[in-house]
Structures are given as structure tokens and as C-alpha cells.
Amino acid sequence: MIELKEVRKSFGKQEVLKGISLKVEKGEVVAVVGPSGSGKTTLLRCINFLEKPTSGEVIVGDLAVAAGRAHRKEVLALRRKTSMVFQQYNLFRHKTALENVMEGLTVVRKLPKAEARERSVRLLEKVGLGAKLDAYPSRLSGGQQQRIGIARALAMEPEAILLDEPTSALDPELVGEVLAVIRNIAKEGITMIIVTHEMSFAQEVASRVVFMDQGTIVEEGPPGELFARPKEERTRLFLSRFAPEGSYSI
Amino acid sequence: MEKPELRYVFEFIPKLLSSLHTTLLIVAASMALGLAIGVLVALPRLYRVPVLQRLSQLYVSFFRGTPILILLFLIYYGLPELLKLVHIDVTRTPVLVFVILTYALHSAAYISEAVRAAVEAVDRGQTEAAYAIGMTGFQAFVRVVLPQALAVSVPVLANQVIANLKDTSLAFSLGVMEMTGKAQTLVAATRHFIEAYVSLAAIYFVISLILQKLFQIAERRLLKYEGPENAEPSLPFKERRRRRLFGSSAMRLPWKEARADEA
């Protein structure tokens, strides 16, 4: 489904990804966790070439794109096989909720307007925003905006959805509604890679958890195992910071 | 020079207005063309296209740094000579075309700077979102970035339209019969200088006011997607009038303050 082969990425002299290899099967929900600055987001953005990897290969479905000689058309094809949910939602500010979801369908997929509209309305109803079709993003809460972002990503019927810290910019009381939507689509068997800081959510929804630190994958495994019995010291150290409040000793 | 008489002002205004259409044609056509050229000129600098970027910079500094009157002469007398070299004959082209071209090229320089700044002000995340759903660079620019950039640059474009309106008064120097040209003929015929120019000033001023108002409305329409629906709760009339006159900062009246202290 999605495969990364020895993906490296440097910004100037600093190497952010130090040769990442990762395979994600169809229908898997992979949560990528790790301290900030560990390269999780860069990894995600390398999959759809929002960051161009310095070297390595990205494979999505039957399309393999090598970093060094990525043709513009290949990158475009890669992006059309995936879609992304952003930390800052990045809804098109000048378009309504409905237009945001329709945009990709009419402009990229060239669907007839009526069909695009019908599908978009259905998706917005699914994320609980059927009543806000004509609202502009600036008039919606962060949680509502992010749910539209998810509807926009789903509309493209991608082979995989990449979610970049989808709840990090949200007020705590709005996190729940967004996680609920993600949980629902996870159940439908859509392939997802989620970069997240929500450990309990990762544990609940992911079929596999990948722990990254300093540009490498330190350890990966089923959430039950990785959270309960981390093999690596670094993972243990990181997870200890998320220990339940009661377990602190002063 | 004759003794000034107010009635001439009222007599001249309709006569001057009979040439208004030429003035407005120059403004409208040159703005439309200027907007198109301005966006094109901004592109190489936005996308850092190696050689074109320098050319675009040169273009902007030349057209911004040269008085428009001189540009008018250069283009009206110079361009046909240049075109003659490549065997294109423009001697039958109406003067108005040269005038519109000059104003378009001139405004394009200012517009390109405004568009460039506005495009760079559009959040990078907007482009990324467009790319992420598979748009090409062109689609992302035209569908997502440009509409937002243009909406933001409406105030600057409004300035340019009004500047253009006033600059059209120079077109008469090439013999174009727009309003200022018309005023010259009225002066020559009646020798009532002051009345002619007072009428002229009044007309330019009123049209500028109307344009300003129209652009305010356009700006509000184009930016309707910004800000919550009831960002400005409607205030009672007296309060609105007070704010219009004194600004929105809370104005404390000394005696009221004193009373507040007592309480």
C-alpha cells in the first residue's frame, strides 16, 4: 500500500530524517508518535512530497517515486492517491464548508458539479456539519473546521489519508469531536497514518504504533505491546512522560 | 480674463460631463489591462524565475520612476518608431489606444507590487492544502491564492484607480478630448478660467468619492469570508455618529467621570 524506502530529508546541514523505511498495509491505521522535533511531521509530508525527500523512494499503491528524479507529473499522481489533514486545518478561507469539500472533486477530479455537490453534502453530514454547508471557515470553531478538513480529505477517495497532528491546535474541549470522527472512519477500513500526541487515542484507534526519535524509527508494534512493554529505553523514557497523573511520585 | 461668475460653473459642468465617458474609458480599460499585466509582472518575482525576475524588477522601477507625462510622449511618439523597425505600421491607430496603453503599463507597475505583497501574505498552508488534494501549481494559484490576494489588495487597487482617474487629466496633452481637454476648449472659448477649473475639480472630486464608496462596498463583499458574522454589533445611531466624528476610542466626559467617582 504505502512504503517508504530509506527516506532521508535534510534541511540545510541538519538531517531530519535519517533513512526511514516503513510499510503500511491496506486498511491499517498507523499512529506515529514521538517527541517534537523527531521528524514525524516531516515524514508524513514526505509521503505526498509537500517536502521533497533528499533521497529514498516513496511508494503509494502501484506508483513508486524516487526522490532524486521525481517528475512533476509523478508527484501530482502521488498527491492524488493520498490526501492530508493539517494541524492548522488549512481550509480554503474564501470558500464555504461545502465549496471546500467540492473544490478537489470539481477541479482535480473533474466531476460534474451536481455529483460533487451531492457527495460533499453527504460527507459533511457524516462529520456532523450538514447544517453548516454555507458557513465560511472563519465563522466556525476549530473542531468544526477540522471536521471539514477531514471531509475534504475523504471526498478525494484517496488510497490513504495522512493526518498531521489533527487535534494539536484545538481547544481541549473540541478534541473529542474530531477524534470521534477519525475513530469512525478508522472503523471503515480506510488506510490512515496519523501523527499525534494523543497517546490514549493512538492506543485505542491504531492498529500499529511507530515511535520516532531524532529522525529514526526507534521501535514499532501493536499499541498494546508498545505502550505496555516498550523494548527500547528511549521509548520508555518518552512514554513515562505520558503516565497517568496519579502515578507521579513527589 | 473675465470676472468670475458662479453661473458659469453650472453651465460648464454638463458640458464637461459630455466628455466624462472618455475619461472613464481610459480609467476602466487601463485598469483592466494593467491588472492583467500587473499579475503577469508579479509572477516571475513570486516564483523566483531567474532572468525574468530581474526584468520584472527593471520594469517596475522604470514605470514607477518616470513621470507619466513623459511616458505618454515616449509611448505615443517612440513606440511607432520602434514598431516601424519590425514593419508594423501604427500610424492609423487612434491616440486613445496609446493613452490607455501608457496608463495600463504605468498602473501595472504599482499593481504588480501590490499583488506580490498580497500573494506573499496569503498563508502558505492554503497552497499546501491545494497541493495536497492534487492541484497543479497553476490551479492552486488561480483557484486558491489569487482570489484571496486580490481581495486583500482591493484598497491598493482603489488607490490606483483614483490615481489613474486624476492622471487622465494629462491625456489632453496628446490631444485626447477627455474632461480636462474639454475644459481647455471652454476656457479658450469663454476665457472663464476659474469657473472651468472649479467645475473640473468638482467633477473629479465627486467621481473619486463615488469610486471610493464603490470600492468600500466591493471590499466588504470580497472579504465577507473574513471574521465572524456579527463582528460589529450594530450600534444605536447616536453612538455611530459619535464614533464617526470622534473615532471609536471611548471618550470620557470629565463631568461624567467625576460622577462615576462619587458613585
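Chain identifiers are assigned alphabetically (A, B, ...) following the order of the sequence lines, protein sequences preceding nucleic acid strands; residue numbering begins at 1 within each chain. From a predicted model like this one, the values you see are computed outputs, not experimental measurements.
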Answer yes or no: does atom [atom1] of [X] have more than 12 heavy-atom neighbours from other residues, nucleotides or ligands under 6.0 Å?
X: A:Arg117; atom1: CZ; answer: no
X: A:Phe11; atom1: CZ; answer: yes
X: A:Arg183; atom1: CZ; answer: yes

Q.
Please evaluate residues A:Tyr136 and B:Lys224 with respect to the criterion side chain to side chain contact (heavy atoms under 4.5 Å, CB included), reporting the C-alpha separation (whole Å), side-chain torsions for both, the decisive distance (0.1 Å), and the verdict.
A. CA-CA 9 Å; A:Tyr136 286 99; B:Lys224 69 173 188 288; 3.2 Å; yes
Q) In terms of heavy-atom pairs under 4.5 Å, which option from B:Val122, B:Thr127, B:Ile133, B:Thr136 contacts chain A the most? A) B:Ile133
Report yes if some heavy atom in the side chain of [X] is under 4.5 Å from a heavy atom in the side chain of [Y]; otherwise report no.
X: A:Arg79; Y: B:Met135; result: no
X: B:Glu226; Y: A:Arg139; result: no
X: A:Arg45; Y: B:Glu128; result: yes

(Q) Would you compute the distance between atom CZ of B:Arg143 and atom OG1 of A:Thr106 and round it to the nearest 0.5 angstrom? (A)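 Between atom CZ of B:Arg143 and atom OG1 of A:Thr106 there are 6.0 Å.
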Q. If you count heavy-atom pairs under 4.5 Å with chain B, which of A:His94, A:Met156, A:Arg80, A:Arg72 comes out on top?
A. A:His94
Q. Which one, A:Val85, A:Thr96, A:Val107, A:Asn48, leads in non-hydrogen pairs under 4.5 Å with chain B?
A.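 Highest number of pairs under 4.5 Å: A:Val107.
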**Q.** Heavy-atom proximity to chain A below 4.5 Å, by part of B:Ala130
**A.**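 Both backbone and side chain.
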Chain B contact via [X] - side chain, backbone, both or neither, heavy atoms under 4.5 Å:
X: A:Lys95; result: side chain
X: A:Phe92; result: both
X: A:Leu91; result: backbone

Q) Between B:Gln126 (side chain) and A:Arg93 (backbone), is there a donor-acceptor pair under 3.5 Å? A) yes
